[in-house]
Amino acid sequence: MEKRTRTRFAPSPTGPLHMGGVRTALYAYLFAKQKGGDFLLRIEDTDQNRFVPGAEEYIIEALHWCGIKIDEGVSAGGKFSPYRQSERKEMYRKYAEQLVESGHAYYAFDASAELDTARKLAEAAGKTFSYDSSSRMNMKNSLSLPKNETSRLISENTPHVIRLNVPVNEEIRFTDLVRGEVVFHSNLVDDKVLLKSDGMPTYHLAHIVDDVLMEITHAIRGEEWLPSAPAHILIYDFLGWKEQMPHYAHLPLLLKPDGNGKLSKRDGDRLGFPVFPLEWKDPATGEISSGYRERGYYPEAFVNMLAFLGWNPGTEQEIFSMDELIRNFSFHHVHKAGARFDPEKTKWFNQQYLHKKSDEELAKEFLPVVERELNSPQSAVCSPQFVQRICGLVKEKATFVSEFWNLSSYLFIAPSEYEQDVITKKWNENSSKFFNGFIENLQALTGFTRDDIDKTIKQTAADTGIKPGEIMQLLRVLISGRGSGVDLLGMMALLGHDEVCSRLERGLLNVKEKVQ
RNA sequence: GGCCCGUUCGUCUAGGGGCUUAGGACAUCUCCCUUUCACGGAGGAAACACGGGUUCGAUUCCCGUACGGGCUACCA
């Protein structure tokens with residue numbers, strides 16, 4: 001029987017989750033769900049120096065906002081608890097020691113100052129220091145030191161790490177889910193630290209132990225891990241875990257919209273788009289980084305956009321719900337090259353989702369804004385029905401609900417000022433003639449549908465011998481104060497007979513004063 | 001510098017020896033619709049990094065070069 005598919009997202013709580021991280025989580029989630037498996041959240045907090053308070057909560061909230069459900073792990077619990085590596089600290093030593101015993105790892109006593117010296121020395125010679133088969137016998141470790149010396153140092157509690165003993169002249173190969181077969185030469189892999197002197201494992205050891213213990217079947221992570229993958233393959237092998245080793249998938253990175261390099265927090269500030277799903281306030285500096293949620297993006301749009309950064313369905317469909325993404329996701333369609341991020345396309349996705357919402361749904365979002373702006377929740381113009389109709393009128397012109405108020409405030413509040421440019425340019429004796437007649441005809445009207453209004457305009461124009469085109473924009477200004485806006489006839493029908501007539505009268509009065 | 005990964009319109013990408021006049025989307029331009037703006041519709045401009053092979057034939061396979069990215073910590 002096939003093993004149950006289990007993927008995990010394993011971030012470090014060193015700050016807010018970057019959108020690249022969200023995408024990694026998303027792909028892992030999509031794959032697990034497609035296979036009917038589990039998606040776990042594991043927190044990799046083995047570096048106490050980089051721990052940032054609030055980061056873990058942020059990660060959980062961000063995944064939740066995106067609609068990525070955690071089946072197991074931090075915040076959800078599960079039978080492999082705990083899921084925070086700092087709480088699993090004691091479990092890792094055993095495996096590191098096992099590797100030392102089998103000769104696949106060794107104790108190293110080099111102080112950080114000594115390592116620095118070695119690096120500087122190499123640098124001066126135009127080389128890069130690497131703690132590996134070429135240098136390890138010149139360093140202070142249980143391979144280079146006599147046995148009794150090692151025992152003495154250990155018994156005296158000399159600070160030490162455990163390093164991987166990488167074999168010489170071996171080819172290390174593995175199959176990556178997005179890149180196919182990848183080959184590395186062992187001589188180029190350094191003797192990575194497995195267990196730090198504070199007793200904490202490094203990422204290299206910890207993620208392997210946890211992935212095996214938690215029965216992870218697919219390890220999905222960013223491309224930055226590809227160079228250390230051979231070391232990981234070696235560790236699985238040395239621990240006797242070849243069978244349990246998950247399939248690896250290394251995802252392409254997200255690149256800056258302009259210039260060189262990978263997408264960073266600074267690009268967002270510089271180019272004015274969020275890099276984070278949620279707003280984040282740095283606890284140390286108080287600095288605030290904006291988030292997609294606070295900018296008014298729908299999580300569905302954000303997720304849809306993110307899914308397409310490096311993956312495509314192979315068809316021409318672009319709008320995908322989470323369920324559709326789950327059904328269609330495939331590593332075969334994950335692109336190998338890094339993806340340059342385009343904030344413009346993100347807006348387009350949001351616009352698509354906004355347009356798909358019903359007027360009723362939009363009204364629910366917009367009503368609180370209206371009440372706040374008008375400062376009077378009881379007002380008749382605040383009625384849900386009225387707001388809903390405005391949403392219908394305005395949504396085609398918007399990308400975010402947050403634009404609705406600017407696009408429609410004149411429907412709630414009669415204008416007190418009138419766009420002078422338009423009046424200056426278009427107002428003449430004919431207009432005067434037309435509007436005098438128009439107001440009378442309007443007042444006599446019993447019905448007030450778009451059609452009724454349309455007919456009245458045409459009739460009045462014909463009677464006064466004026467082309468409708470000459471007065472349409474003036475009519476708009478008289479009623480809304482603005483030279484452009486939502487569909488004019490729709491707007492008048494919505495405002496209703498009495499409101500339109502009174503706005504028209506006031507507008508006319510105002511214009512006549514100005515013109516004389 | 002060394003090592004690894006990559007390279008199709010400005011951007012995200014489809015395609016992967018002949019089905020291609022290289023398809024779609026964003027952005028851009030033109031027109032239509034709307035007597036506004038937007039939406040929508042129609043159309044335009046726009047790409048296989050370069051050089052060698054392999055082959056009857058290469059954007060597709062191989063090699064090299066260039067360019068881009070990543071890694072090169074007791075960080076993940």
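In what follows, every heavy atom counts, from backbone to side chain, and hydrogens, waters and symmetry copies are set aside. In the text below, chain A, chain B and the rest are named by the order of the sequence lines, each starting its count at 1.
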Residues forming a salt bridge (charged side-chain N to carboxylate O under 4.0 Å, His left out) with [X], sequence neighbours excluded:
X	value
A:Lys262	none
A:Glu316	none
A:Arg482	none
A:Arg8	A:Asp211

Looking at every strand, decide which applies to [X] at a 4.0 Å heavy-atom threshold: base, sugar-phosphate, or nothing.
X	answer
A:Glu44	sugar-phosphate
A:Ser12	sugar-phosphate
A:Val193	sugar-phosphate
A:Gly222	nothing
A:Asp487	base
A:Phe184	sugar-phosphate

Taking the [atom1] atom in each of [N] and [M], what is the distance between them to the nearest angstrom?
N	M	atom1	result
B:A46	B:U60	P	22 Å
B:U7	B:C61	P	10 Å
B:U65	B:C3	P	11 Å
B:G10	B:C29	C1'	14 Å
B:C9	B:A22	P	14 Å
B:U21	B:G15	C1'	15 Å
B:U30	B:A45	C1'	10 Å

- Task: Give a yes/no verdict on a cation-pi contact between A:Lys347 and A:Phe273, requiring under 6.0 Å between NZ or CZ and the six-membered ring centre and an angle within 45° of the axis.
- Result: no
- Task: Please say whether the positively charged group of A:Arg295, taken as NZ for Lys or CZ for Arg, lies over the ring of A:Phe400, i.e. under 6.0 angstrom from the six-membered ring centre and within 45 degrees of the axis.
- Result: no
- First encountered from the 5' end of RNA chain B, between A:Ala111 and A:Glu316: A:Glu316
Verify the contact: side-chain N or O of [X] to OP1 or OP2 of [N], cut-off strictly under 4.0 Å; return yes or no.
X	N	answer
A:Lys196	B:C75	yes
A:Arg163	B:C74	yes
A:Lys425	B:U36	no
A:Arg119	B:C74	yes

- Query: Can you find a donor-acceptor N/O pair under 3.5 angstrom joining the side chain of A:Thr128 to the base of B:G2?
  - Reply: no
- Message: I'd like to know if A:Ser197 reaches the base of B:C74 with its side chain such that a donor and an acceptor end up less than 3.5 angstrom apart.
- Response: yes
- Counterpart residues, ring pair (Phe, Tyr, Trp, His ring centres under 6.0 Å), relative to A:His250 (two or more places apart): A:Tyr248
- Item | Set of ring pair (Phe, Tyr, Trp, His ring centres under 6.0 Å) partners for A:Phe51, sequence neighbours left out | none
- Item | Partners passing side-chain hydrogen bond (donor to acceptor under 3.5 Å, both in side chains) against A:Glu181 (at least two apart in sequence or in another chain) | A:Arg173
- With A:His104 via side-chain hydrogen bond (donor to acceptor under 3.5 Å, both in side chains) - residues at least two apart: none
- Note on the structure: Quick tally for nucleotides 61-71 of chain B: nucleotides whose base has a protein heavy atom under 4.0 Å get B, sugar-phosphate-only ones S, the rest -, giving -------SSBS
Between [N] atom [atom2] and [X] atom [atom1], what is the distance in whole Å?
X	N	atom1	atom2	result
A:Lys347	B:A38	NZ	P	16 Å
A:Ile457	B:U36	CD1	C1'	13 Å
A:Leu254	B:U11	CG	P	15 Å
A:Asp47	B:C75	CG	P	5 Å
A:Lys89	B:C74	NZ	C1'	13 Å
A:Asp210	B:A76	CG	P	13 Å
A:Met305	B:U11	CE	C1'	14 Å
A:Leu205	B:C75	CG	P	13 Å

Base-pairing assignment for [N] (Watson-Crick or G-U wobble, both under 3.5 Å):
N	value
B:C39	none
B:U72	B:G1
B:A46	none
B:G16	none
B:C9	none
B:C61	B:G53

Between [X] and [Y], what is the shortest heavy-atom contact and its length?
X	Y	result
A:Tyr27	A:Gly310	OH-C, 3.6 Å
A:Ser12	A:Ile59	O-CD1, 4.3 Å
A:Ser480	A:Met491	CB-CE, 3.8 Å
A:Leu63	A:Ala25	CD2-CB, 3.7 Å

- Message: Applying salt bridge (Lys or Arg N to Asp or Glu O under 4.0 Å) as the test, list every pair that has at least one member in residues 191-204 of chain A; sequence neighbours left out.
- Response: A:Arg136-A:Asp191, A:Asp190-A:Lys192
What pairs of nitrogen or oxygen atoms, one from the protein and one from nucleotides 14-16 of chain B, lie under 3.5 Å apart?
unit_1 : atom_1 : unit_2   : atom_2 : d
B:A14  : OP1    : A:Asn312 : ND2    : 2.6
B:A14  : OP2    : A:His335 : NE2    : 3.3
B:G15  : OP1    : A:His333 : NE2    : 3.3

Sort me out a list of protein N/O and nucleotides 27-31 of chain B N/O pairs below 3.5 Å, or just none if empty.
none

Which nucleotide in the set [options] lies at the smallest distance from any side-chain heavy atom of [X]?
X	options	value
A:Leu115	B:C74, B:G40, B:A76	B:C74
A:Val182	B:C5, B:C74, B:A76	B:C5
A:Arg50	B:U7, B:A76, B:C5	B:A76
A:His355	B:C39, B:A76, B:U36	B:C39

- Pair A:Arg179 + A:Glu223, salt bridge at N-O below 4.0 Å: yes
